[in-house]
There are 2 protein chains.
Amino acid sequence: MPVTIHDVARRAQVSPSTVSRALSASHLVRGTTRERVLAAAKELGYQPNPAARSLITGRTGNIGIVVPDLNNPFYTGVLRGVQARARQSGYAVFFADGEEDPVAEEALVRAMARQVDGVVMCAPFASDAQLRALAGITSLALLNRRLRDVPAALMDSASGMRQVVDHLVALGHRRVAYLNGPNIAWSNRERRRGLRAAAARARMTVVEFGPFEPKFEGGVQAADLALAGGVTAIMTYNDLMALGVLSRLADRGVAVPQEMSVVGFDNLLYAAVCAPPLTTVAMPMEAGGRAAVDLLLAGIDGSDDGGAGTFRELTTNLIVRATTAAASTTSPDSPDSPPPAA
Amino acid sequence: MPVTIHDVARRAQVSPSTVSRALSASHLVRGTTRERVLAAAKELGYQPNPAARSLITGRTGNIGIVVPDLNNPFYTGVLRGVQARARQSGYAVFFADGEEDPVAEEALVRAMARQVDGVVMCAPFASDAQLRALAGITSLALLNRRLRDVPAALMDSASGMRQVVDHLVALGHRRVAYLNGPNIAWSNRERRRGLRAAAARARMTVVEFGPFEPKFEGGVQAADLALAGGVTAIMTYNDLMALGVLSRLADRGVAVPQEMSVVGFDNLLYAAVCAPPLTTVAMPMEAGGRAAVDLLLAGIDGSDDGGAGTFRELTTNLIVRATTAAASTTSPDSPDSPPPAA
DNA sequence: GACTCGTGCACAAACGTTTGCAGCCAGATC
DNA sequence: GATCTGGCTGCAAACGTTTGTGCACGAGTC
């Protein structure tokens, strides 16, 4: 039923191979012949069969993307970037949600491996060994994860943390809490590293809590601990946790930012629209997705080792909104703090 | 480099066809032979080449999903459902973001058509003619859109609206605003239809505004209009708009729910965690995605017309949270309303 | 005018799998 | 013991495309 290259060939009075060459932007056919072929293809609405093509070329024209949790808007941002850039280059994208399970993630990649030319992985939880094994099966490009000889797009969390610290110090905060995300997560380690370095330089004390689930609920849980820590500001691993913190602080009658400053990380849509709008670090999600695809495709079409093992670093920026202010003089956990105003 | 069926055949001392049959869960091979083949396949780590397979079978084992806007968490929910269900049935998922452009959507489907067995479409904006044309190219399953002879999973928005109306009437609201989403959107028409019917039955007056963009900004824009409409409650096309309304009302010093009730639609994660938590109608997003895949696959493997043209209706439920309360006696737009308490 | 050269095209093989058909062998039937 | 039957298996074709090889033909050179 579907029209094949033979149909086009018959109509254009040439052989199938000539049709193929005419369509592959080849200069190997005469101008007049090419036009005839193109016309025939258009009239018949010819669309090449990707299976047949990839069978012979060994390339699929597809890439895969694996994310740990689609409910986190951070990854949907990445997904948008990936898809847009892939489409630009004529690639289609396979998508899979690992549901935060490294085992499932690996299985998904193995399942995809045969029908993609490479996969972009957002895999904060997978082990290095796992990733390396997968890199042996198919081309890989990582996002926010560093692994020798595997290309990766990295968002400069450390710089973001430095900006946050400078901001808080300028506001007079001397003792702040950091609510850790999952310990295994590369980004959490990276953020913590940046935070510690910046805090040390600025002589700011950081009290760490966690790890917590990097979700709203995790933030709710963490808020009470942080409140008891005698701090004037709370920094969280990501925005979802920060939203949880805000919610819990509101419940407990702690005024933000008057009594407590809160800083998130990611700059999700909701950080801008919640009340009060959240001060946070903007992560270039779509740009990260695009960069990862660029690296992946460079490793695929281009020189093999030209693209492999290279890293692309993307800048992050502090977005100051309404949850940070000058440090309160009275710590909110002190017994003389006013009772919650219902 | 990759291991083929011939490698397995050689190792198991049989012909490739026997290997194929042994793996296709066929009863056509002797038990002992099958075991030998399976063992060989396992040792070699054989993974069949999907391109070769689909070339001969005409089936790809893939489905596609097209959504209008990935930034809307509603669609990521659907995406999760689709992917989970597809994986369960051994299908991989191609993903594409139409970016709210019907033309792009159609192009995406056409591009996918050759490498999928069917596609799930969330296409509120595409025209009937467009969808019908696409249905001629590949199998289709729609979500929240009714089209003759095309299977679809439908969420019963009308029932949701009825529940909202009953709830508001019980709270004493007699005059409420409805902020329309895009007029072309099937779901908006559906919701409005349900709303009008229920309101008529309950003798409640509905003042309509819009259409607006179904996003936060649209809600912000719409809020002022609704405030001037002399209503005691605002119903919105979706949660994103409701969040925009809440934000704008807070800015203008209108207390929710004391002076104004607000109801959303969708039950996004953020509806539960914003302040105050949003009363809204829960849409079964993941279930909808799963149902759409079920219908699609039924149309593909099963009897051709057994699945086509069937609809699956999913129930919706009102979730009462903190943005609805008894109707205020003084309309917030009346001149004697107290000035915003900064 | 014979040779070379290059352009433009067709032929055919190959990619890895599935599947219809035919063959083989063992057991059963007469 | 010959024929039949039916369960297993191998052979080969086919799916639609790309691509290496070779042929034909015309133009150029001596």
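In what follows, chains carry the letters A, B, and so on, assigned in the order in which the sequence lines appear, proteins first and then strands, with residues in each chain numbered from 1. All values below were derived from every heavy atom in this structure, side-chain atoms included, with hydrogens, water molecules and symmetry-related copies excluded. Nothing here was measured: the structure is a model prediction, and the numbers come from that model.
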Query raised in the report: Among D:dT18, C:dC9, C:dT18, which is the nearest nucleotide to the side chain of A:Thr57?
Result: D:dT18
Query raised in the report: Which heavy-atom pair separates B:Leu108 from B:Gly98 by the least distance, and what is that distance?
Result: CD1-CA, 3.9 Å
Query raised in the report: For the pair made of CD1 in A:Ile5 and P in D:dC15, what is the distance, rounded to whole Å?
Result: 14 Å
Report summary line: In whole angstroms, the gap separating C1' of D:dT17 from CG of A:Leu23 amounts to 11 Å
Query raised in the report: Would B:Asp156 and B:Thr315 count as having a side-chain donor-acceptor pair, cut-off 3.5 Å?
Result: no
Query raised in the report: Expressed in angstrom and rounded to an integer, what is the separation of A:His27 atom NE2 from C:dC9 atom C1'?
Result: 14 Å
Requested in this report: Could you check how far CG of A:Leu28 sits from C1' of C:dG6, rounded to whole Å?
Outcome: 13 Å
Query raised in the report: When you match A:Thr4 and B:Val29 each to their closest nucleotide on DNA chain D, which lands nearer the 5' end?
Result: B:Val29
Query raised in the report: In residues 32-52 of chain A, which residues come under 4.0 Å of DNA chain D by heavy atom?
Result: A:Tyr46, A:Pro48, A:Asn49, A:Ala52
Query raised in the report: Between B:Ser20 and B:Ser17, do the side chains contain an N or O donor and an N or O acceptor separated by less than 3.5 Å?
Result: no
Query - Residue pair B:Met121 / B:Val119: nearest heavy atoms and the distance that separates them - result: CG-CG2, 3.6 Å
Query raised in the report: Which one of A:Phe94, A:Tyr91, A:Phe95 satisfies the ring pair (Phe, Tyr, Trp, His ring centres under 6.0 Å) criterion with B:Phe94?
Result: A:Phe94
N/O contacts under 3.5 Å, protein versus nucleotides 10-12 of chain D?
{"from": "D:dG10", "atom 1": "OP2", "to": "B:Ser15", "atom 2": "N", "distance (Å)": "2.9"}
{"from": "D:dG10", "atom 1": "OP2", "to": "B:Ser15", "atom 2": "OG", "distance (Å)": "3.2"}
{"from": "D:dG10", "atom 1": "OP2", "to": "B:Thr18", "atom 2": "OG1", "distance (Å)": "2.5"}
{"from": "D:dG10", "atom 1": "N7", "to": "B:Arg21", "atom 2": "NH2", "distance (Å)": "3.3"}
{"from": "D:dG10", "atom 1": "O6", "to": "B:Arg21", "atom 2": "NH2", "distance (Å)": "2.6"}
{"from": "D:dC11", "atom 1": "N4", "to": "B:Ser17", "atom 2": "OG", "distance (Å)": "3.0"}

Query raised in the report: Is there a donor-acceptor pair closer than 3.5 Å between any side-chain N or O of B:Asp128 and the backbone N or O of B:Leu147?
Result: no
Query raised in the report: B:Ser20 near the nucleic acid: base, sugar-phosphate alone, or nothing, with a heavy-atom cut-off under 4.0 Å?
Result: base
Requested in this report: Could you tell me whether the phosphate oxygens of D:dT18, OP1 or OP2, come under 4.0 Å of any side-chain nitrogen or oxygen in A:Arg53?
Outcome: yes
Query raised in the report: Whole Å only: how far is the CD1 atom of B:Ile56 from the P atom of C:dT19?
Result: 7 Å
Query - Exercise: identify the closest heavy-atom pair between A:Arg145 and A:Ser127 - result: NH2-C, 3.6 Å
**Report entry** A:His6 NE2 - D:dT18 P separation (whole Å)
**Finding:** 11 Å
Query raised in the report: Nearest heavy-atom pair of B:Ile65 and B:Cys122: which atoms, and what distance?
Result: CD1-SG, 4.3 Å
Requested in this report: Might you point out which heavy atoms bring B:Asp97 and B:Pro68 nearest each other, and give the distance in Å?
Outcome: OD1-O, 3.4 Å
Query raised in the report: Between A:Gln115 (CD) and C:dT17 (C1'), how many Å, whole number?
Result: 14 Å
**Report entry** Atom-pair distance (CZ on B:Arg59; P on C:dT19), nearest Å
**Finding:** 11 Å
